[in-house]
Asks: 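Dropping the structure in here first, questions after.
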Amino acid sequence: MKLSERVNNLVESATMAVTGRAAALRREGIDIVSFGAGEPDFDTPDHIKAAAIEALRGGATKYATPSSGILPLKEAVVGKLQRENGLEYAPASEVIITVGGKEGLYLAFSALVDEGDEVIIPAPYWVSYPEQVGLNGGVPVYVQGSVDNSFKITPTQLRAAITPKTKAFVFNSPSNPGGFLYTPEEVDALAAVLDSTGIIVFSDEMYDRIIFGGRKFKSYAAASDHAYAHTITFNAGSKTYSMTGWRVGYAAGPAAIIKGMSKIQTQTTSGTFTFGQHGLVAALNGDQACVEEMRQEFESRAAHIHRRLNALDGVSCPEPAGAFYVFPDVSGTFKKLGVSGSIEFSQRLLEEAHVAVVPGEAFGVDAAVRLSFATSMENIDKGLDRITDFLA
Ligand SMILES: Cc1ncc(COP(=O)(O)O)c(C=O)c1O
């Protein structure tokens, strides 16, 4: 049977591959410490669950109308973006509710990218960007961040990557895989580079509420009027409210783009489930104490894991400024271990030390690996003890 070229060209998620092998070893009775998780290790707060249950009991079991999302949720999204990000949107025409953040991004690539269009993606990047661009006929153009600049790219690098074929620029801060956060000044400086272009910016702000050390977050769309008119802002309940399994996300941006995304959504998923949307309404409009509790826990874990990783010979770990990942450069250990890169490093670590990490190659940087600290402090220490022995 011949599958489409599109599918044949698709790379399977490396995160899933590691999780799969770790699960197989666990089935054999081996105690694995996993740093692979891409989701918070907390349950969804009760008041959010209660709102969805009430909506379900009340009959919110039909298609959402319109399929781009129920109005109360679009209004709650508008409220969030206004309050926290200083951005103004019209609920009915400039907001779409999506099946997690991932569908939002996919719909936007699908609505904007034509065959051969280039999309600038800073590396390291979240694994799905290049694949979603490719699925829509686009060409990813990578711009490499350097470890000395916390893997962030500079305005000069961005400028150099622009060609007449550039359609979009993907901006993710705080980032997966490393919790790298662009300061407000850095956001403004990148936006200034694009000010004279028609390039559309995909600002993936999934981790905007998980920020450490009192650092400031700035939405890309808030950089200038031009940025606002050319940016789609993506977010979801997934990371902020620990709702990954719910699959409820949203995007806001220029009406013409949101309309295009909604059109594709009506012919594909018909949007996300109605009673779940009521859950996100409660999350966005309700008490935010739960967000702060989770953030504080991530903050202490971040400091701890960062300190311990940096104490290791051959490991250089930029400080995570947000999210729940660290992305240490481990290339200084490759020679001694006799490994060729991050894949072999991760395989050896899993098989010999029973610790699961994700190879940086999957994120476009083969010198590094990703560790998620969405796991208990006890597990973090147990895993780091094993890594320390493995590298000794
Ligand atoms: C940077 C980034 N964007 C988007 C997503 C997708 O989020 P969701 O689970 O809401 O689809 C993730 C999830 O891992 C992510 O890390």
Side-chain angles (χ1 to χ4, degrees), residues 12-19 35-42 44 48 69 73 77 80 96-110 119 121-133 135 140 145 151-152 168-182 201-211 217 219-220 232-252 261 265 268-269 271-273 276-277 279-280 283-284 298 320-327 358 360 362-365 370-375:
E12 240 173 286
S13 161
T15 326
M16 297 296 179
V18 173
T19 318
F35 289 108
E39 56 188 348
D41 54 319
F42 306 106
T44 306
I48 299 173
L73 180 51
V77 166
K80 182 266 185 235
I96 179 171
I97 307 305
T98 54
V99 185
K102 203 176 237 173
E103 192 206 17
L105 289 154
Y106 187 82
L107 290 173
F109 285 125
S110 201
V119 177
I121 302 177
Y125 45 75
W126 179 52
V127 290
S128 294
Y129 302 137
E131 301 308 317
Q132 292 198 352
V133 168
L135 275 171
F151 286 114
K152 292 187 279 189
F169 166 51
V170 178
F171 184 66
N172 175 215
S173 169
S175 81
N176 179 359
F180 312 124
L181 175 76
Y182 287 78
V201 178
F202 285 47
S203 186
D204 179 337
E205 303 185 359
M206 301 290 147
Y207 300 97
D208 71 332
R209 299 290 299 279
I210 310 175
I211 288 180
F217 171 80
S219 278
Y220 186 95
I232 317 163
T233 300
F234 300 88
N235 211 325
S238 308
K239 317 287 174 172
T240 305
Y241 301 102
S242 203
M243 295 173 72
T244 45
W246 290 59
R247 316 309 302 135
V248 190
Y250 55 91
M261 292 165 67
Q265 195 184 46
T268 50
T269 58
T272 199
F273 69 122
Q277 298 191 35
L280 189 57
L284 293 172
F298 285 134
F324 39 76
Y325 311 103
V326 272
F327 197 64
V358 188
F363 309 97
V365 177
R370 188 190 79 175
L371 285 80
S372 155
F373 46 87
T375 183

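Small disclaimer: the values here were computed from a predicted structure and weren't measured. Atoms within a ligand are numbered from 1 in the order they appear, just like the ligands themselves.
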Asks: Just need the protein heavy atom nearest to atom 9 (O) of ligand 1, so name the residue and atom and give the distance.
Replies: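 Here the closest protein heavy atom is R247 NH1, 3.0 Å.
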Asks: Among protein heavy atoms, which lies nearest atom 2 (C) of ligand 1, and at what distance?
Replies: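 For atom 2 (C) of ligand 1, the nearest protein heavy atom is D204 OD2, 3.3 Å.
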Asks: Using 30° and 60° as the class limits, which term best fits the ring planes of F151 and F180: parallel, tilted or perpendicular?
Replies: tilted
Asks: Anything under 30° is parallel, anything over 60° is perpendicular, the rest tilted; go ahead and classify W126 against Y129.
Replies: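 Judged by the thresholds at 30° and 60°, the geometry between W126 and Y129 is perpendicular.
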Asks: Have a look at ligand 1 and work out which part of M206, if any, has a heavy atom under 4.0 Å from it: side chain, backbone, both or neither.
Replies: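 The part of M206 near ligand 1 is the side chain, not the backbone.
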Asks: Going by distance only, is there an N or O of Y325 that falls short of 3.5 Å from an N or O of ligand 1?
Replies: no
Asks: Which residue owns the protein heavy atom closest to atom 13 (C) of ligand 1, what's the atom, and how far is it?
Replies: K239 NZ, 2.8 Å
Asks: Mind telling me whether F273 and W246 have parallel, tilted or perpendicular rings, with 30° and 60° as the class edges?
Replies: tilted
Asks: Which bit of N172 gets closer than 4.0 Å to ligand 1, counting heavy atoms only: side chain, backbone, both or neither?
Replies: side chain
Asks: Would you say the side chains of S219 and E205 form a donor-acceptor pair under 3.5 Å?
Replies: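 Short answer, yes.
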Asks: Does any N or O of ligand 1 fall below 3.5 Å from an N or O anywhere on K102, backbone included?
Replies: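 K102 vs ligand 1: N/O contact under 3.5 Å present.
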Asks: Answer with yes or no after comparing the ring centroid distance for F109 and F202 against a 6.0 Å cut-off, counting only values under it.
Replies: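 F109 vs F202: aromatic centres under 6.0 Å.
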Asks: Would you check if D208 and T240 make a side-chain contact, meaning some heavy-atom pair closer than 4.5 Å?
Replies: yes
Asks: List every atom of ligand 1 that sits less than 4.0 Å from any heavy atom of A236, numbering the atoms from 1 in the order shown and giving each element.
Replies: 10 (O)
Asks: Could you list the atoms of ligand 1 found under 4.0 angstrom from a heavy atom of G101?
Replies: 8 (P), 10 (O), 11 (O)
